[in-house]
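Proteins come first, then strands; the chains are lettered A, B, ... in the order of their sequence lines, and each starts at number 1.
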Amino acid sequence: MIELCAITKSFAVGLPYQLTAVRDVSLVIEQGQFVVIKGPSGSGKTTLLTLIGCMARPTSGRIMLRGLPHPGLPGSADSAEVEITSLPERFLTAIRRATFGFIFQHFNLVRGITVLENVMLPAYPTGEPYELFRSRALQLLELFSISRHAATPVDRLSGGETQRVAIARALINNPKVIIADEPTAHLDSGLSSEFMEILSTFQAQGKTVLIASHDPLVYESSIPDMVVQMRDGAITGITRQQ
Amino acid sequence: MRKSNIFILITCFNLALLLLLAAHARLGKQNAEVPQAVCAGIVKELQLTDLCLFTEARYTRHPSMADFHAPFQDHPGALDHFPSGSLVSPPRFSHEGL
Amino acid sequence: MIVQPAALALIVAALLTGFMVLYAGWYGVRILLHWDMRSGSELQLSLERRTYLISAIVNFALICQLLSLLLFIYTADALHSLFIGAMCAAGTLHVNGFGYPVLALKIVNFLLAGLWLIINYADTQGYDYPLIRVKYSLLLAMVPLVLLESFCLIAYFAGLQADVITSCCGSLFSLDRPGIGGDLAGLPDRSMAIAFYCNMAATAACGIIFLVKKRGGYLFAALSSMGFISAIAALVSFFCLYFYELPTHHCPFCILQSQYGYVGYLLYGCLLGGGVAGLGVGALMPLRGRGSMAAVIPVLQRQLMAAALVLYLIFTLVVSWPVIFSSFKLL
Amino acid sequence: MKTTSAFIIWLCLVCATAAYAADTVPVAGEKDKCPVCGMFVAPYPGWTGVIVLKDLSALFFDGPKDLCTYYNNVGKYSPGRSRSDIAAVWVKDYYALTSIDGMKAFYVIGSDVLGPMGRELVPFMKESDAATFFKDHKGSKILRFGDITPQVMKSLE
Amino acid sequence: MSGLLARHRNIIDFALSSLLRRKAKNISLLAVYTLIVIIIASCMLFINALKQEAAAVLKDAPDMVVQKMVAGRHDLMPVSRGEVIGGITGVRGVTARLWGYYYDAVTRANYTLTVSDGGQPAPGSIYIGSAIARLTGFSQGDLMPLRTYKGESKLLQVVRVLPAEAEIVSADLIVLSEKDFRELFNFPAGFATDLAVSAGNPLELATIAAKIVHQFPDTRPIMKSEMLRTYDSIFDWRGGMIVVMFAVAVLAFIIFAWDKASGLSAEERREIGILKSIGWETADVLLLKFWEGAIISLTAFLCGATVAYCHVFFFSASLFEHALKGWAVLYPQFRLAPSINAYQLTILFFLTVVPYTAATIIPSWRSATVDPDSSMR
């Protein structure tokens, strides 16, 4: 479970051009939920995702993780509750690596290296034996039927293949939460619905899925459990689907 | 093969090469004992004091026999032996051609 | 001034470490002044990022320090032929007043940098930056010492004049010479050896007690520091004689030469490593109550203690070897 | 008759070996160690002293000081032997570095020249050499072999 | 422990991938770096081999040479002083040395003429060094003309060419008889160039030298240890100067390396942003940068040292030949006894790898602190 309590994130604090991207947001996301955050661009969706995904620390407010892995911190059981707002970057990164898988707007693959290497990248600094995560990466490629491209540099892939590589990379460390930021912005309708289908299978596996999007194809689909509406950094409404 | 393995192999190969060269040096030192003994024999027989490395001036031919003002001794144009002494040639004197 | 590749290499290393440590010290001051863990401000974030740079720099400085300590001693040893009367490093270092201070500072700085890295390691294991002030105060203490060392090293090489008449180790470490060398050599050899063995035994006992009962960390640190000093004293006054098989030669440097199989590097390496680890145990003692450190430090202390014990054991075995097995006998 | 000739042959042999013992000085090898202090002798050829026993075995010393220590207390270092077993004593003349008869040499003590074992008895064949050395190197006394008593040895420690 | 090792290996994998992606840039960096290592290493190996050669060859040089000085210059030494010096206690023997220089206007080379103490060769015949034989074409049995002090030509028969392997001490030597030597230069009888003194006990040399200076204040004794030390300091000095000169090259290279490490392109920034957002920590990126640098410097260091060794000992340091030859006409050809040791490699490491590493620390850190959320913006 992820719980946000009165989260505010400001940039350039104390300067004339101070900007508050997220304002007093409180939200509870249960394990296994499929959540879409919708809103126009500049509404603070992405900033909220970076805060939840342990990439940045809020200016005020608290974020609690419950039942999620948190390596290096006391309380070894995953059921323990961790307050992540004031952790050093080192620990935030460790949590991010173990808990979250990210899919970015432009997929953000590292150019010039192969598909396989791109998929394995998040596992490199974990110190896990190479053979282990390599076979996992090959399985994922198999799952998304792109194994034949394993040794191809990512620059040579088509849009759909790139998307699937990005998803495979998000899954390499076996995360409990998948975070996707405007994943369908550059995809045609066919690929977008394929993408949603794939994500819904993750939900079926018990993973939490968190998407920021202003694409109607995403938030009007029947898949999400909850749609959070944002405007100017604040939540303006929550729609739950049964 | 993993890239890191290739790198480690290449580095090991380089190190082995260096070790091989160290072994070569040891061997070469033994082989050099004979010529060095010949040299030492001539040094002893002729009571030599210096190596014949640079024959251009007496302070470079016999550095250990030269004195403090040696650079001024050979010809008026001789500059200090380093660095210009080994790079600049002396002026040509008229009496040399005779 | 002696222009020689090894001297140049050492000067380059000294300038680099001096400059880097000064840079680290400057940010150390800023961290001490502005550190506020609860704040998520940009200043705090940038300071947190600086800590990575500073530990990278001290890491670099420590490795540099260790290598240059070895290179310095070896160079001093290799240069002895340039000085009349010098037989080994002892004479070369004695050529001018900066030689021995450089050596002492190098050893002290090595110990301090090792200590800093131990504390830094413990600190990075904690999620609440518990040791940040301790760590950066220690860094600030190191800065002037490292700068002084760099200065002394450059002054030493700048002041080296070939053909200076110096003393050889035989006279520097002879019994009737006033000064620390003579005092060390003049210590009663047998009782020094006994003191050394007792000290090592006590250190080992204390370490084992600590490992089992988790008590007596301060005592261990004190004993291992004393062990460090008594090991050097015993080496100079007693064990050296067995390595040289000469009843009058007390030089602590000649054992670094090839005739003695470079055994000195092994001995001093063990001693320095053991010293750092032993001091680390003591330095961590007062810190183990802080925040998240309660879980981290005891584990680290046990590892350090084991390392110290193993290194001291190797040292003891190596120095005892010739005493037991050589046919040479002191009268 | 037979016994006489055997005796003569025996006498010749003894004389020959005695002559051998008196004339040739054994040279220390790489492995020879000083029986008094255990040091290797070979690195200090300029100081090496030799004692040849009657059975022609040779003992090497790294300096005249250790040689005299041995000479003053033979039984301690070679159990079962005594001073009477010694056939010849050789030391190195300081100036010439040649072996000379230790019994007839002149020894300077108290000088500023140190041997491998520190303060030394510096041996000379000629008294005049000893006197020069005495003056050059600030010696304190010139001794003959017989003057080297345990008390003198004590002063060298 | 194995986890730590696995992490390093994984990161090396990626470091190699990212180096290979910018092949042209990194290979040129490696090439320049290797070249600098080669030059510095060749210089150090060459100098060290010469020092060792000097020590090995000159170990039987005279214990001490006594020169007479007049107005700050060498002057002829009266042989009679040799008897006085021979009387000093501790002196084993004194021999008068006769030697000098001869300038050959035809070849424009300086020869060293010396008289052997043993009375060889006989009057009218000479031995010549092999470099002279090579330069002039004279060989055994030929008659070699030398100009006397009067300008006349004196024909001397070459009876022996000194062995080629001894060229490092004898390249320019002409050994002749005392009679010929004195005739050639009108060298006054009763005088010698200098005196060679041998001592029974080398420990006494200092005392003997002091006594000689006391007796003849206008003389200068040069002990063997001083001769050997002269070579040590000349070579150290020259080696040091060459290293100082190449320090400029190292400096330029380091600025280049700094620039390379700190001038992050937009592409590189983006990549590091991606790495950090997918779970690489600042320390991991630092490690990545460290390994990128270490791979380059380790490879350059090892290859450079190997090539330098081959250059100096297999190709007789042919790149340095011209700089060393200077304007000398006679240049000895010699092969140095090879030597390489950990000490030299450590110095080389300090002169090349350590500055490079230091120069890349701060830029690496700067690139490692790209915000993880930068790739989301």
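- Of the atoms belonging to Leu67(C), heavy atoms from both backbone and side chain fall under 4.5 Å from chain E.
- Here the CE atom belonging to Met20(C) is positioned 5.0 Å from the CD1 atom belonging to Ile362(E), to the nearest 0.5 angstrom.
- Remark: Phe19(C) CZ is loosely packed, at most 12 non-hydrogen atoms of other residues, nucleotides or ligands lying under 6.0 Å away.
- To the nearest 0.5 Å, atoms CG (Leu70(C)) and OG1 (Thr346(E)) are separated by 8.0 Å.
- With a threshold of 4.5 angstrom between heavy atoms, Thr17(C) does not approach chain E through any atom at all.
- Residues Leu16(C) and Pro355(E) share a closest heavy-atom pair of CD1-CA, 3.6 Å.
- Looking at Leu228(E), neither its backbone nor its side chain comes within 4.5 Å of chain C, counting heavy atoms on both sides.
- Going from atom CG of Leu351(E) over to atom CD1 of Ile11(C) covers 10.5 Å, rounded to the nearest 0.5 Å.
- Note on Val354(E), Thr282(E), Thr352(E), Leu348(E): by heavy-atom pairs under 4.5 Å with chain C, the leading option is Thr282(E).
- In this structure, the separation between CG on Asn341(E) and OH on Tyr74(C) is 5.5 Å, given to the nearest 0.5 Å.
- For Leu53(C), the parts sitting under 4.5 Å from any heavy atom of chain E are the backbone and the side chain alike.
- Residue contact with chain E, scored on non-hydrogen atoms closer than 4.5 Å, involves the side chain of Tyr23(C) exclusively.
- Contact tally against chain C (heavy-atom pairs below 4.5 Å) for Glu281(E), Gln344(E), Met44(E): the top residue is Glu281(E).
- Neither the backbone nor the side chain of Phe290(E) comes within less than 4.5 Å of any heavy atom in chain C.
- In this structure, Cys64(C) and Phe350(E) approach most closely via the heavy-atom pair O-CZ, 4.0 Å.
- With rounding to the nearest 0.5 Å, the separation of CD1 in Ile54(C) from CD1 in Ile361(E) is 12.0 Å.
- Judged purely by atom type and a 3.5 angstrom limit, Trp365(E) uses its side chain to pair as donor or acceptor with the backbone of Arg49(C).
- Taking both residues in full, the closest heavy atoms of Tyr52(C) and Ala283(E) are given as CE2-N, 3.7 Å, listed atom of the first, atom of the second, then distance.
- Both the backbone and the side chain of Thr75(C) come within contact range of chain E, each with at least one heavy atom under 4.5 Å from a heavy atom of that chain.
- Within 6.0 Å of the OH atom in Tyr27(C), the count of heavy atoms belonging to other residues, nucleotides or ligands exceeds 12.
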